[in-house]
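One structure is given below, encoded as structure tokens.
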Amino acid sequence: MNDQPQPQQPSEGWAPREPGPAAAAAPDTPGKKPKRPKRTGWRRLIPTWRMVLGAVLTGLLLLIGLFALGYYLVKIPAANSAAMKQSNVYLYSDGSQLARDGEVNRENVTLALISKDAQHAVLAAEDRDFYSESAIDPKAMIRAGWNTATGKGKQSGSTITQQYVKNYYLAQEQTVTRKAKEFFIAIKLDREKSKDDILEGYLNTSYFGRNAYGIQAAAQAYYGVDAKDLTVGQGAYLASLLNAPSEFDVVAHPENKPAALARWNYVLDGMVKKKWITASERSGIKFPEPKQTVIAAGMSGQRGYIVKAVNDYLTDNKILDEDELNAGGYRITTTLQKPKQDAFVKAVNDQVMEKLDKKDRKVDNYVRAGGASIDPKTGRVLAMYGGIDYTKQYYNNATRRDYQVGSTFKPFVFTAAVQNDSTTQDGRTITPNTVYDGTNKRPVQGWEGGTYAPENEDQVSYGQISVRTATDKSVNSVYAQMAVDVDPEKVEKTAVGLGIPSDTPDLTASPSIALGPATASVLDMAEAYATLANHGKRGTYTMIDKITKDGADVVDLPGRKTWQAVSREAADTTTSVLQSVVEGGTGTAAQAVGRPAAGKTGTAEKDQAAWFAGYTPNLATVVAIMGQDPDTGEHKSLYNALGQPRINGGGYPTQIWAQYTKAALKGTSAQEFDLRLQDGAEEQQLPPADPDEDQPGTDAGQDNGGTTTGGEETPATEGQTGGTTTDGGTTGDGGTTDGGTTGDGGTTTGGATTGGGTGFPTGGTTTDGGTTDGGTTDGSTTDGTGGDDGVTGTNFGGFP
């Protein structure tokens, strides 16, 4: 019998017990890890550290693989076409060649032939850590990308090595592919070439403006020295140009000088920071003004001015950018017509340049000329005169904005008056026949900005005078008051609407706006006058007909926009007034054109510029004569230039205008102006009688008599009609004059009056050149004719 205890069999209905606390606490089976509890809820969304690590490692491996692949696949190519620079060809509208931007103005030099100061300046401007850092700067690239993406302006994060790669090996397009190639080539190049070689290549391939490629060409173009002789200040300026070659050229764009100076100072400050110059040396450096002239192959005569103006037009209108133009290969057909261009040059030469005596008259060396001609209906620029020669004078006198436009601005005041149905201070509608007080130094009324009492030219007081006659004689006191009557802000708005840029220097809403202190360009003024000629309808002007690339690809041009800038009545009534200026005012020399014309003369302060802005129904042209020192660029007065005491708008500018316009329109039939005048334009608008004031015929308000002693622009050039009044005047109590003569529409020679005196006759008669029934007033007669120059005007015979 087996005495061992037998295991008990579970009885029916038995079930295992739940483990007690002691059993639960017992350790797991040796060799087995406890299971990790499963994550539930939001915890499932968070990646584990294993997942993160795996993703990072995978990404790094992928980047390394891509880098290795890119490094293997991208080879250092041969020099690109830009490094071998091809020309752009510029054509007249008929397809004949106007200019070719010629061979590349570049002369490669070794680094040893570039001054250390200039080298350091470029490094301070573009890549201060060039010698100590690698070929790429990831931080700069990320920063530039961020700034561009966040709207802080398009920026480059490229090192000098990358820029050299772009200049020499690649094209200029802004694409991801090009940037990727630039990245890998720069790394390879940095391993294969020394830093000195790369810097040398960069300095020889960079564009500095003025058609100068490389620092040697730039040193000659801006300072007339070799690169090895560049000073710290000169080197810093050339380094500044790398950021914006055309924009920072302070000669071509004097209005951008503050921005150029800011960049120049940034470069110098960087040189101090890198200890390339000391702070004391920095404080003693003055801005080195670049020279006024530039030598550019193939750009002599008018060609350079036109090419520069065309390129500015293309970049300003975002048709092509500087990099694309610099790469070359474009065939650009302009709107300029060769016969008109030649006629403009001939007119300037005939009327001015051939009469200069630069040896015996120093002031003749200051004489400059600018002109622009536009088709009013199409906005096409047909001709442009930029200066004597682009290789001798770099400024384009047709596009520069630094000379006052003078009284050529006055018509915009009158246009604004008609456009806004303006009235005088006593409530009379302003029309061509509205009477104003033309007393010299008369304080304007209704202006709360302080006392303003402008002088008339030669201190002449005109007394009561119509707007039409005040325009003929360019009376400052009348137009300053009219500007206030209209509201200077409305005058400014109208001028901008006609075509004057809103950012024109000294275009300010004050009474003085009427006298033309604004410095719009000749081309700006031609646009505005073209709008008047086109019955107030303005269209964007254009200089380009067609552009092709490599002889095939057509570059899209923006469509022309037109709009009604001012009402037809406002524009046409202004034209009517400006016809009087030509018929008997300060612009009588324009009659030589031999067809209906309208225009306005203007003279800048101190006779530093003289203007004529005029038009026929189908051609608007503006001409200016300017005074400038050829060496310093300083504005100069033109007193005694060409042997004349004064150079006024009615003289040489008008004579140039007449000769050019006559030649330009030769073979076309003369057209009359089709005018739609404002309501009441033919009615007199006399001021109310003031019983407290002396009546006409007394010596009140007649400081110098009713005749002029030289209106605002009295022609003084030989061959012009008339001159200044001599020994003229009005009597104090209704007597007769001494027979004062006038050149531009003053009292008729020998025109004695009876019964009221010159100024406001009350039924007296004139003799020897006047008409009966009213006598002469401000050179006009009862029928709007009279005076030995036939001045049109208003008779005030019935004025109390």
Side-chain angles (χ1 to χ4, degrees), residues 410-438 462-475 478-479 481-482 485-486 494 532-533 535-536 566-585 587-588 596-600 615 617 671-689 696 745 759-763 766 770-787 789-800:
K410 284 187 171 79
F412 307 154
V413 181
F414 180 72
T415 303
V418 180
Q419 175 71 14
N420 292 282
D421 296 321
S422 301
T423 60
T424 62
Q425 295 291 304
D426 51 28
R428 292 171 292 127
T429 301
I430 299 175
T431 72
N433 295 321
T434 301
V435 174
Y436 271 92
D437 185 349
Y462 295 90
Q464 301 296 315
I465 187 172
S466 72
V467 168
R468 185 181 295 275
T469 309
T471 309
D472 291 348
K473 297 177 181 297
S474 216
V475 181
V478 170
Y479 267 90
Q481 182 62 60
M482 191 190 302
D485 294 346
V486 176
T494 298
L532 293 175
H535 308 293
V566 296
S567 68
R568 175 165 182 169
E569 289 76 13
D572 286 0
T573 308
T574 301
T575 297
S576 170
V577 171
L578 296 183
Q579 282 184 278
S580 296
V581 174
V582 172
E583 292 167 359
T588 53
K600 184 71 186 74
Y615 52 94
Q671 296 182 27
E672 296 288 342
F673 287 104
D674 178 19
L675 303 181
R676 185 185 301 165
L677 305 184
Q678 73 178 130
D679 292 339
E682 305 296 336
E683 300 173 7
Q684 287 188 1
Q685 296 286 339
L686 302 176
F760 299 101
T762 55
T766 63
T771 60
T772 61
D773 193 23
T776 61
T777 302
D778 295 325
S780 59
T781 66
T782 53
D783 296 324
T785 61
D789 282 331
V791 177
T792 59
T794 306
N795 173 50
F796 307 132
F799 185 73

If we only count heavy atoms from C-beta on, is the [X] to [Y] side-chain gap below 4.5 Å?
| X | Y | answer |
| --- | --- | --- |
| Thr471 | Leu578 | yes |
| Arg568 | Asp674 | yes |
| Phe414 | Val486 | no |
| Tyr462 | Tyr436 | no |
| His535 | Arg676 | no |
| Gln464 | Asp437 | yes |
| Ile430 | Thr424 | yes |
| Thr434 | Met482 | no |

side-chain contact (heavy atoms from CB on, under 4.5 Å) for Thr494 and Asn420? Distances and angles first, verdict last. CA-CA 10 Å; Thr494 298; Asn420 292 282; 4.2 Å; yes

[atom2] on [Y] to [atom1] on [X], rounded to 0.5 Å:
| X | Y | atom1 | atom2 | value |
| --- | --- | --- | --- | --- |
| Thr573 | Arg468 | OG1 | CZ | 9.0 Å |
| Thr574 | Phe412 | OG1 | CZ | 9.5 Å |
| Glu569 | Leu677 | CD | CG | 9.0 Å |

Nearest heavy-atom pair of [X] and [Y]: which atoms, and what distance?
| X | Y | value |
| --- | --- | --- |
| Gly438 | Val478 | CA-CG2, 3.8 Å |
| Asn433 | Ala681 | ND2-O, 3.1 Å |
| Ser466 | Pro432 | CB-O, 4.0 Å |
| Thr431 | Gln678 | CA-OE1, 3.3 Å |
| Gly536 | Ala571 | N-CB, 3.3 Å |
| Leu675 | Gln579 | CD1-OE1, 3.4 Å |

Please list, chain by chain and in numerical order, all residues satisfying salt bridge (charged side-chain N to carboxylate O under 4.0 Å, His left out) with Asp485, sequence neighbours excluded.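 By the salt bridge (charged side-chain N to carboxylate O under 4.0 Å, His left out) rule, Asp485 matches no residue at all.
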
Taking salt bridge (charged side-chain N to carboxylate O under 4.0 Å, His left out) as the test, write out the residues that go with Arg428, two or more places apart.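 Arg428 satisfies salt bridge (charged side-chain N to carboxylate O under 4.0 Å, His left out) with Asp426 only.
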
